[in-house]
Amino acid sequence: SYSFRRTELVAEAPIPHFWRAPTDNDFGNRMPERCAVWKQASANRQLDRFEIVGQDGGRIQIEAEFRLPDVESKHRIDYTILNTGDVIVKNHFVPGKEDLPELLRFGMRMRMPKDFQYVQWYGRGPHENYWDRKTSAFIGLFANTVQEQYVNYASPQENGYKTDVRWVALTNKNGVGLLAVGLPTLCFSALPYSTEDLTQESRGTKHPTDLIEQDFTELYLDFNQTGVGGDNSWGARPLDHYTLFAKAYAYSFRLRPFTTKKESPGELSKQIF
């Protein structure tokens with residue numbers, strides 16, 4: 001539970017995640033078969049340690065260590081809980097063997113109640129952008145709704161991502177919100193569908209009419225995703241310098257609850273910083 005002003009901010013707590021819904025290009029280069037071990041790596045994680053490692057008048061520090069049996073790797077989450085209500089989250093991933101395929105993403109998935117429909121961010125936009133597809137998306141302040149974040153491809157797939165994000169905030173109609181601040185940056189998506197909803201077993205087996213909006217907002221707060229490629233759609237993989245090869249990674253972000261009646265993202269940034 002993470003509540004503020006008698007409003008619950010979390011429908012499902014953040015968990016590590018390494019998979020994305022395959023894109024048309026991913027199917028073309030056989031990513032779903034090559035990288036299948038990452039699909040359930042988070043769901044099958046096993047907790048080895050959960051411990052308070054530091055405590056003083058203003059903060060509590062907690063470490064949680066996991067084993068990922070599917071990929072023989074380790075994941076650790078460090079939480080710093082402040083007396084302001086802020087939570088600083090740091091993720092560490094360490095691969096356990098050398099022959100693992102590339103990660104599709106390194107990040108965390110959480111779910112917020114569905115009424116958190118308003119999205120504001122300072123980063124690349126306003127359209128979707130990825131590690132290897134972002135030069136047309138300039139850094140600025142942007143705002144829209146969760147429904148408008150969704151990109152209606154003819155074949156459901158990964159969509160709506162934003163990179164180089166300094167902060168992102170989701171609010172409800174009452175102005176209660178949750179802010180995520182990158183330390184220094186992060187990538188995010190906020191959609192009315194889960195990754196499972198958008199994942200197809202083979203290309204063309206789902207269509208937009210098959211999708212039903214969930215009763216939550218699915219929020220990803222990521223280090224990054226492997227690029228989406230596109231040199232061709234029948235075998236070429238994303239270039240190496242846009243690929244998350246299986247190696248050690250770490251990234252951090254800060255969560256902060258807030259309330260505002262301001263509608264402008266510019267005014268919001270003044271109020272919360």
Side-chain angles (χ1 to χ4, degrees), residues 14-23 25-26 31 35 38 41-42 75 77 87-93 102-112 116 119-144 146 148-151 153 157-170 177-195 198-199 217-230 238-256 265 269:
I15 60 171
H17 216 72
F18 309 96
W19 181 255
R20 72 173 177 217
T23 67
N25 290 342
D26 290 334
M31 179 280 287
C35 301
W38 295 111
S42 177
H75 185 267
I77 309 172
V87 180
I88 299 172
V89 183
K90 186 170 184 178
N91 284 274
H92 311 256
F93 170 79
E102 69 271 24
L103 288 72
L104 278 303
R105 75 180 341 129
F106 175 44
M108 298 195 86
R109 173 168 78 173
M110 64 180 292
R111 289 171 175 172
M112 299 184 66
F116 286 84
V119 186
Q120 302 181 39
W121 74 98
Y122 178 37
R124 291 191 183 270
H127 50 273
E128 69 172 8
N129 51 92
Y130 291 81
W131 197 2
D132 57 349
R133 292 289 182 275
K134 65 181 184 181
T135 54
S136 67
F138 299 105
I139 292 172
L141 287 165
F142 304 100
N144 60 18
V146 170
E148 290 171 320
Q149 289 282 310
Y150 174 65
V151 181
Y153 287 105
Q157 57 193 282
E158 160 65 34
N159 70 91
Y161 209 53
K162 308 296 187 297
T163 64
D164 297 330
V165 173
R166 278 61 171 173
W167 59 262
V168 55
L170 274 73
L178 181 64
L179 171 75
V181 181
L183 300 172
T185 61
L186 49 77
C187 303
F188 88 92
S189 64
L191 296 171
Y193 307 107
S194 71
T195 295
L198 301 173
T199 295
T217 292
E218 177 139 302
L219 175 64
Y220 274 99
L221 301 172
D222 291 349
F223 171 75
N224 210 341
Q225 280 191 43
T226 284
V228 292
L239 300 179
D240 283 356
H241 52 279
Y242 299 123
T243 299
L244 289 175
F245 291 109
K247 62 181 183 179
Y249 295 103
Y251 81 108
S252 304
F253 58 87
R254 184 184 190 116
L255 298 176
R256 174 183 295 175
S269 67

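Here the structure is a predicted model, which is why all the values come from computation and not from measurement. Side-chain atoms are counted along with the backbone in the values below, which use heavy atoms only and exclude waters and symmetry mates.
Within the model, atoms CD1 of Ile139 and OH of Tyr122 stand 6.5 Å from one another, a figure rounded to the nearest 0.5 Å. Expressed to the nearest 0.5 Å, how far CH2 of Trp167 lies from CG of Leu179 amounts to 7.0 Å. The line from NE2 of His75 to OG of Ser42 is 8.0 Å long, rounded to the nearest 0.5 Å. Atom CD of residue Glu128 and atom NZ of residue Lys134 lie 14.5 Å apart, to the nearest 0.5 angstrom. Here SG of Cys187 is found 9.5 Å from CZ of Arg105. Values are rounded to the nearest 0.5 Å. Here the CG-OG1 distance, from Asp132 to Thr226, works out to 9.0 Å after rounding to the nearest 0.5 Å.
Aromatic ring pairs are classed by plane angle as parallel below 30°, tilted from 30° to 60° and perpendicular above 60°; the pair Phe223 and Phe106 is tilted.
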- [ ] Verify side-chain contact (heavy atoms from CB on, under 4.5 Å) between Asn159 and Tyr153, making sure each step is shown before the conclusion.
- [x] CA-CA 8 Å; Asn159 70 91; Tyr153 287 105; 3.8 Å; yes
TODO: Begin with the C-alpha distance, continue with both residues' side-chain angles, and end with the deciding distance and a verdict on side-chain contact (heavy atoms from CB on, under 4.5 Å) for Trp19 and Thr199.
DONE: CA-CA 10 Å; Trp19 181 255; Thr199 295; 3.6 Å; yes
TODO: Could you check Val168 against Val119 for side-chain contact (heavy atoms from CB on, under 4.5 Å), going step by step and ending with a plain yes or no?
DONE: CA-CA 7 Å; Val168 55; Val119 186; 4.1 Å; yes
TODO: Could you please spell out the steps behind the side-chain contact (heavy atoms from CB on, under 4.5 Å) verdict for Val151 and Gln157?
DONE: CA-CA 9 Å; Val151 181; Gln157 57 193 282; over 6 Å; no
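For Glu158 and Gln225, the side-chain atoms include at least one donor-acceptor pair closer than 3.5 Å. Asp164 and Thr185 share no donor-acceptor pair across their side chains, judged by distance under 3.5 Å alone. A donor and an acceptor atom, one from each side chain of Tyr220 and Thr195, are located under 3.5 Å apart. Between Tyr161 and Asp222, the side chains place a donor N or O and an acceptor N or O closer than 3.5 Å (distance only, hydrogens not considered).
Within the 4.5 Å cutoff, side-chain heavy atoms of Phe188 are placed close to those of Gln149. At a threshold of 4.5 Å between non-hydrogen side-chain atoms, the residues Pro14 and Val89 do not count as touching. By the 4.5 Å heavy-atom criterion applied to side chains, Met108 and His17 are not counted as neighbours. Proximity of Leu186 to Val181: side-chain heavy atoms (C-beta onward) are nowhere separated by under 4.5 Å. Using a 4.5 Å cut-off on side-chain heavy atoms (C-beta onward), Asn91 and Phe253 make contact. Looking only at side-chain heavy atoms (C-beta outward), Leu104 and Met31 come within less than 4.5 Å of each other. Within the 4.5 Å cutoff, the side chain of Trp121 has no heavy atoms near those of the Leu170 side chain. The side-chain heavy atoms of Met110 and Leu178, taken from C-beta on, include a pair separated by under 4.5 Å.
Judged purely by atom type and a 3.5 angstrom limit, Asn129 has no side-chain atom pairing as donor or acceptor with the backbone of Lys162.
Ser189 approaches Gly160 most closely through the heavy-atom pair CB-O, 4.1 Å. Considering every non-hydrogen atom in both Ser194 and Arg111, the closest pair reads CB-NH2, 3.5 Å. Nearest approach of Phe116 to Gly177, heavy atoms of both residues: CE2-CA, 4.0 Å. Scanning all heavy atoms of the two residues, the minimum distance from Ser252 to Lys90 falls at OG-CG, 3.1 Å. Taking each heavy atom of His127 and Ser136 in turn, the nearest pair found is NE2-OG, 3.0 Å. Contact detail for Ala250 and His92: the closest heavy-atom pair is CB-ND1, 4.1 Å.
Applying the side-chain contact (heavy atoms from CB on, under 4.5 Å) test between Trp131 and each of Val228, Thr243, Leu239, Leu244 identifies Leu244 as the sole match.
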